[in-house]
Chemist: 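Quick one: the structure is below, and I'll ask about it shortly.
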Amino acid sequence: MTADSSKTERYAARAAETRWQKLWDEQGIYATKNDDPRPKYYVLEMFPYPSGRIHMGHVRNYTMGDVVARFKRAMGHAVLHPMGWDAFGMPAENAAIDRKVHPKEWTYANIAAMKKQLQSMGLSLDWAREVATCDPSYYRHQQKMFLDFLKAGLVERKQSKVNWDPVDNTVLANEQVIDGRGWRSGALVEQRELIQWFFKISDYSKELLKALDGLDRWPDKVRLMQKNWIGKSEGLLVRFMLDAATVPSGETELEIFTTRPDTLFGAKFMAVAPDHPLATAAAARNPKLAEFIEECKRIGTSQEAIDTAEKMGFDTGIRAVHPLDPNWTLPVYVANFILMEYGTGAIFGCPAHDQRDLDFVNKYGLGNTPVVCPPNQDPATFVITDTAYDGDGKMINSRFLDGMSIDQAKEEVSKRLETTFLPPLEKGRSPVEARHASEDGRVGIIGDDRSPPRPSPFQGEGAQALAQSSNNAPVAQRQVNYRLRDWGISRQRYWGCPIPIIHCDKCGVVPVPASDLPVVLPDDINFDKPGNPLDRHPTWKNVKCPQCSGAARRETDTMDTFVDSSWYFARFTDPWNETSPTTPKAANEWLPVDQYIGGIEHAILHLLYSRFFTRAMHRTGHLNFDEPFAGLFTQGMVVHETYKSKSGDWIEPANVTIEGMGETRRAKLTSTGEALDIGSIEKMSKSKKNVVDPDDIIEAYGADTARWFMLSDSPPERDVIWTEEGVQGAWRFVQRLWRLNGEIARIAAPATRPAEFSEQALVVRKAAHRALNNVSDDIARLRFNRCVAHIYEFANALSDAIGSAETAPSPDFAWALREAGDILVRLFHPMMPHLAEECWAAMGHKTLVATEAWPQVEADLLVENTVTLPVQVNGKKRGDVTVAREAGEAEIKAAVLALDAVIKALDGKSPKKVIVVPQRIVNVVA
RNA sequence: GCGGGCGUGGCGGAAUGGUAGACGCAAAGGACUUAAAAUCCUUCGGAUGGAAACGUCCGUGCCGGUUCGAGUCCGGCCGCCCGCACCA
């Protein structure tokens, strides 16, 4: 039989795709029931922001998830594969300002448009569970949880620094501050202290860090990034007494945090942050210092300035007493490189072993004394000039520590200082407590008896004891410190979830009663003026206090949109529950998500917040586990070449014609023929215009082609380069599979399985089952590019077999070809579901391939009766031997030593050793 | 600066420590066609020997090491990418 493609019409992708999509939809085959008795599997892709159009990154992300969903369904699981919209956020407000569209209208129109696009991709999603975070039916539950968290002591209100745009009257995220100016207004950004709402994620620092170890189906990279972000460091809190003669009234001591107590004898100075209370106190009597502090704060706004800023300090004149030698005092500086937010906002400087401290002393001539001597260095001659030594070594110049290792010295100093006691501070006089009274801005919560004020700047263990000591307090306290800060969720914006709080002059901060939820965003707002429209709304803001019924005001801040996305995965398990955020039974059964797929850009914030939120939901009874995502996969980006005209404008690929190859490869503007510069390959972005619209691709080639190409070529975790050639290759393969299927469909095969198979039939069957085995394995491990390769290989083998077949193949061979065809269609179904349905129907099946079970591998067909082993002599390949599969080592050795190449290489001598690796290789050591 | 990852044909990339380059793309030659498209066949890391069959040598960024055997493991360089960044 020869291939007769003229009889098979080309596969009309678009027509077929809409037809099958309609049928799937009508039969509701992707809707998932919570009471489905089959084993549950939850696959989720990060839900999109409804910008209005999907992009290729979405196509790649959602195709991967869809392959997993379809595969697991075929493997007999009840699969939950939902989709929703991360629908609150700034772009909607920007559209309102720029185009006078209401954020709500804009958002819902975008959702409708994008939903249509997603549906054209043929994703096996359960749309009945669709949620949009901007819908009151979603955010009412979020408000409920906010109140639950508040009651559970997981929320607090405190003052914190923000980037404030004085023109737009709004808070800016760090990435919205460009060179110290607001990205929209261009105004110089100010640092302002605002009272804001915080989720106490730092209460979970230790737990979030520790639990990373258990996330063994997460990429190591992401776990490491989170580990670094949480930033655990173990050290010592040390109290330095201040020399009374040098101190502003009221100050008696300075508390610092250090991870290097071993280097205390190398101390040359103390330094505090410009906004440290001691600095403020000292500045009160020293105008020059006050001026210096002001300057530090000004420089502090722009990231670039921080990066390049020189170490600067100002001697306060205050002297601190060394905790290990009462006769030794150290100067106290205010320094621009000390952060108030970390530790106690104060340090002791040991220049010999810390580069920053060294830079500082070299500028101010304070000198340095090395106290750690590197191995193989003579302590007598070891000096530090401009490179600090932070490696291992033996203690020197350190009195009772001399000769110890760093670890021994740390232990010795810690032990001494934590058992040395100093008189306690007078009440209210501690710099630490003073700082909290003045800066923390904590406000008591009505009806909340579970959030006592915290006496220490630290969220870690150990701090309590130090601050609470009643009689004598130890000089030092071991302290585990974390870099992770509490999560500030207040946003001075309209298009977000309202924080369900009412401010009353009499009663203070009052939670909105649960029965009054949801607090719905008012629709009648305008963006004529800068700032938050909620704040100047005539009626919405003014309410009665739920406690005293007096006049009160609503909280006008809304929540960070990361809150919305921190629990949507749980909502999907029962989006119909109108009274609670979750139905615990459903959440506990479906979650954690078995496979979560999304971009690496969410490696820290979204994933960390979700991990916190799940714990908080656990604590407040909404579910009963801690980790939301058992398996995580981070896919690479879709990248494309860039094109630029001579006048410097970026040009879209759709308007570019490429000519020539390699050296002579040129790009020109299709319309005018103008020559263009071909630029680097970069992430598809609107600004570089190197985008390819999924709609155009689906229109021209169909969804299956786009899906297939997004899975081929590159490993899924790596970036994939979008090329026209690549799409066309995928398109050709779609057509080729269709033709191949047509040829197989025309073969008349017996209905019952033959008892015996000829060699010719066995070749086909082996190819089919080998492909089945490989593809199954690769999908399970998300190695989609290898699935693609194996399907190509299988299709090639099948084409060869058909090409070599007689006009009327024998019944056993015909049966084998039909079997192979059925397997092939089911193998590529998860990737190209529409083509698979079309082929399945053409093959005469009456069922939907989407509901078919995955084929069973016949293990017998995976093993060959004979095995060909490569033969090496001294590690270099010299030939092959073919032996029976179960041949013993002696038999194989004999065959190998009989090979001409081996005989020649041995040159009459006997081999030193013959290594036989069963089923693999033979190596003769001459 | 600190931390992590990656360097394999013209290109994207395969390869549980076991035949390096699967599979695809591009390219070249051929068949079919009035022609084109589509399709099919052949070649395709470098050097070299041979009429051919088929060989030989080199080759996974560079230098060393472990091993019967290294793209893979270890140490040191070079280059690129990513994350964090004055975190005490």
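Chain letters run A, B, ... following the sequence lines, proteins first and then strands; every chain starts at 1.
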Chemist: Would you call rG10(B) syn or anti, using the 90° rule around 0?
Modeler: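 Anti conformation for rG10(B).
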
Chemist: Rounding to the closest angstrom, what is the interatomic distance between rG61(B) and rA70(B) at atom C1'?
Modeler: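 Approximately 16 Å lies between the C1' atom of rG61(B) and that of rA70(B).
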
Chemist: Distance check: side-chain N/O of Tyr792(A) vs OP1/OP2 of rG24(B), anything under 4.0 Å?
Modeler: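 Indeed not, no polar side-chain atom of Tyr792(A) lies that close.
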
Chemist: Do the numbers put Lys311(A) on top of the ring of Phe360(A), so that NZ or CZ is under 6.0 Å from the six-membered ring centre and no more than 45° off the axis?
Modeler: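 So Lys311(A) doesn't make the cation-pi contact.
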
Chemist: Need the pair for rU39(B). Rule: Watson-Crick or G-U wobble, both distances under 3.5 Å, any strand; none if unpaired.
Modeler: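 Partner of rU39(B): rA31(B).
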
Chemist: What's the CG-P distance between Asn785(A) and rA22(B), to the nearest Å?
Modeler: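 Distance, rounded to whole Å: 15 Å.
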
Chemist: Ignoring hydrogens and geometry beyond distance, is the side chain of Arg10(A) in donor-acceptor contact with the base of rU39(B) at under 3.5 Å?
Modeler: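 Donor-acceptor pair under 3.5 Å: no.
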
Chemist: Counting only Watson-Crick pairs (N1-N3 plus N6-O4 or O6-N4) and G-U wobbles (N1-O2, O6-N3), all under 3.5 Å, who is the partner of rG75(B)?
Modeler: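 Per the H-bond distance test, rC63(B).
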
Chemist: RNA chain B: Ile921(A) or Arg260(A), which has the more 5' nearest nucleotide?
Modeler: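 Whichever sits nearer the 5' end wins; that is Ile921(A).
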
Chemist: For rA85(B) versus rC74(B), give the span between their P atoms, rounded off to a whole number of Å.
Modeler: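 Straight-line distance between the two P atoms is 29 Å.
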
Chemist: Go ahead and name the base partner of rG9(B); Watson-Crick or wobble counts if both distances stay under 3.5 Å, otherwise write none.
Modeler: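 Pairing partner, where one exists within any strand: none, as none qualifies.
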
Chemist: Using the P atom as the point on both nucleotides, what is the distance between rA27(B) and rA37(B), in whole Å?
Modeler: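 The answer is 12 Å between these two P atoms.
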
Chemist: Less than 4.0 Å between a side-chain N and a carboxylate O, is that true for Arg781(A) and Asp777(A)?
Modeler: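 Between Arg781(A) and Asp777(A) there is a salt bridge, with a charged N closer than 4.0 Å to a carboxylate O.
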
Chemist: Tell me the interatomic distance from Met710(A), atom CE, to rG13(B), atom P, rounded to whole angstroms.
Modeler: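 Value for this atom pair: 13 Å.
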
Chemist: Are OP1 or OP2 of rC87(B) and a side-chain N or O of Arg485(A) less than 4.0 angstrom apart?
Modeler: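 No, no such contact exists.
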
Chemist: How far does the C1' atom of rG4(B) sit from the matching atom of rG69(B), given to the nearest Å?
Modeler: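 Each nucleotide's C1' atom is 31 Å from the other's.
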
Chemist: Is any N or O donor-acceptor pair between the side chain of Lys912(A) and the base of rC68(B) shorter than 3.5 Å?
Modeler: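 Counting by modelled atom types and ignoring angles, no donor-acceptor contact under 3.5 Å is found here.
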
Chemist: In whole Å, what separates the P atom of rU72(B) from that of rA20(B)?
Modeler: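 rU72(B) and rA20(B) have their P atoms separated by 14 Å.
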
Chemist: Does a nitrogen or oxygen in the side chain of Lys876(A) sit under 4.0 Å from OP1 or OP2 of rC58(B)?
Modeler: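 True: Lys876(A) side-chain N/O within range (under 4.0 Å) of rC58(B) OP1/OP2.
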
Chemist: Looking at side-chain heavy atoms only, is the closest gap between Pro911(A) and Val925(A) below 4.5 Å?
Modeler: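 The answer is no, as the side chains (C-beta and beyond) never meet within the 4.5 Å cut-off.
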
Chemist: Heavy-atom nearest nucleotide on RNA chain B for Asp880(A) versus Lys913(A): which residue maps closer to 5'?
Modeler: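 The residue whose closest nucleotide sits nearer the 5' end is Asp880(A).
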
Chemist: Any salt bridge between Arg356(A) and Asp359(A), counting N to O under 4.0 Å?
Modeler: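 No, Arg356(A) and Asp359(A) are not salt-bridged.
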
